[in-house]
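Along the sequence shown, the residues carry numbers beginning at 1. Fair warning: this is a prediction, and the values are worked out from it, not measured in the lab.
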Amino acid sequence: MTTIYCKTTAKGIHSFYMLYRGTEYFLFSQHYRKGVGEFYRKGVSLRKATQYSKAHLDMAILKTMEKIPMYVKYVEKEYDIMVLERTKKKKCCVA
């Protein structure tokens, strides 16, 4: 299972990480928001991390959810891994 979580790395900054097959990948940093910290602090599955219904209309969480797929795609390309189902299907059919 792929997990997305955040850490408070500096005063007023959240850093987001992805844990995939035991390896930690840095995704991005953003300004601290209490709701975002509470939602991602303990880690959530990739599916839940981008499921808008779980945000309960918290705009800070919704904006964070919009960012995650873009950064996961970048990590996939950078480290030549396949995390997203869409990527796995695309690689499967192209080869």
Side-chain angles (χ1 to χ4, degrees):
M1 180 176 90
T2 304
T3 305
I4 305 294
Y5 63 95
C6 72
K7 299 177 189 175
T8 305
T9 52
K11 185 170 176 68
I13 302 292
H14 282 301
S15 291
F16 283 80
Y17 297 89
M18 175 177 70
L19 186 62
Y20 175 72
R21 294 189 176 175
T23 305
E24 180 181 80
Y25 299 94
F26 173 77
L27 295 175
F28 60 93
S29 292
Q30 69 180 26
H31 292 289
Y32 179 87
R33 294 283 182 256
K34 183 180 179 184
V36 172
E38 290 173 356
F39 187 79
Y40 291 102
R41 183 181 318 130
K42 294 180 182 177
V44 293
S45 68
L46 178 59
R47 172 176 246 142
K48 186 176 178 182
T50 57
Q51 197 171 11
Y52 295 124
S53 64
K54 300 293 183 187
H56 303 290
L57 300 177
D58 184 322
M59 289 307 294
I61 295 173
L62 288 169
K63 288 182 184 248
T64 302
M65 287 180 170
E66 290 176 5
K67 290 181 182 182
I68 290 173
M70 176 178 55
Y71 286 98
V72 169
K73 287 176 192 174
Y74 174 78
V75 168
E76 284 181 324
K77 287 180 184 177
E78 189 70 22
Y79 295 97
D80 196 29
I81 59 176
M82 293 185 291
V83 178
L84 299 171
E85 290 300 318
R86 186 176 184 178
T87 306
K88 291 175 186 175
K89 288 179 185 175
K90 189 184 284 186
K91 294 266 184 174
C92 169
C93 297
V94 172

Checklist outcome for this item: Between Asp58 and Gly35, the two heavy atoms sitting closest are OD2-CA, 3.9 Å
Next on the checklist: Under a 3.5 Å distance rule, please check whether Glu76 uses its side chain to pair with a backbone N or O of Leu84 as donor and acceptor.
Outcome noted: yes
Checklist entry - Can you tell me how far CE of Met18 sits from OG1 of Thr3, rounded to the nearest 0.5 angstrom? => result 10.0 Å
Item to check | With Lys7 via salt bridge (charged side-chain N to carboxylate O under 4.0 Å, His left out) - residues at least two apart | outcome: Glu24
Next on the checklist: Checking Phe39 now: which residues fulfil ring-ring contact (aromatic ring centres under 6.0 Å, His included) with it, not counting sequence neighbours?
Outcome noted: none
Checklist entry - From Tyr5 OH over to His14 NE2, what is the distance, rounded to the nearest 0.5 angstrom? => result 14.5 Å
Checklist entry - Can you tell me if NZ on Lys63 sees more than 12 non-hydrogen neighbours from other groups inside 6.0 Å? => result no
Next on the checklist: Looking at every heavy atom in both Ile61 and Ala55, which two are closest together, and how far apart are they?
Outcome noted: CG2-CB, 3.6 Å
Checklist entry - Got a donor-acceptor contact below 3.5 angstrom from the Tyr20 side chain to the Met82 backbone? => result yes
Checklist entry - Can you name the nearest heavy-atom pair linking Ser15 to Thr9, along with the distance? => result OG-OG1, 2.9 Å
Next on the checklist: Parallel, tilted or perpendicular, judged at 30° and 60°: which one describes the rings of Tyr40 and Phe16?
Outcome noted: perpendicular
Next on the checklist: Rounded to the nearest 0.5 Å, what separates atom OG1 in Thr50 from atom CD in Glu66?
Outcome noted: 11.5 Å
Item to check | Spatial distance of atom OH (Tyr25) from atom CD (Glu78) [nearest 0.5 Å] | outcome: 11.0 Å
Checklist entry - Hey, any chance Phe28 and Ile4 share a hydrophobic cluster, counting ILVMFWY side chains that come within less than 4.5 Å of each other, even indirectly? => result yes
Checklist entry - Just how far is it from atom CZ of Arg33 to atom CE of Met59, taken to the nearest 0.5 Å? => result 12.0 Å
Checklist entry - Of all heavy-atom pairs between Val44 and Ala49, which one has the smallest distance, and what is that distance? => result CG2-CB, 3.6 Å
Checklist entry - What distance do Leu62 atom CG and Lys54 atom NZ have between them, rounded to the nearest 0.5 Å? => result 13.5 Å
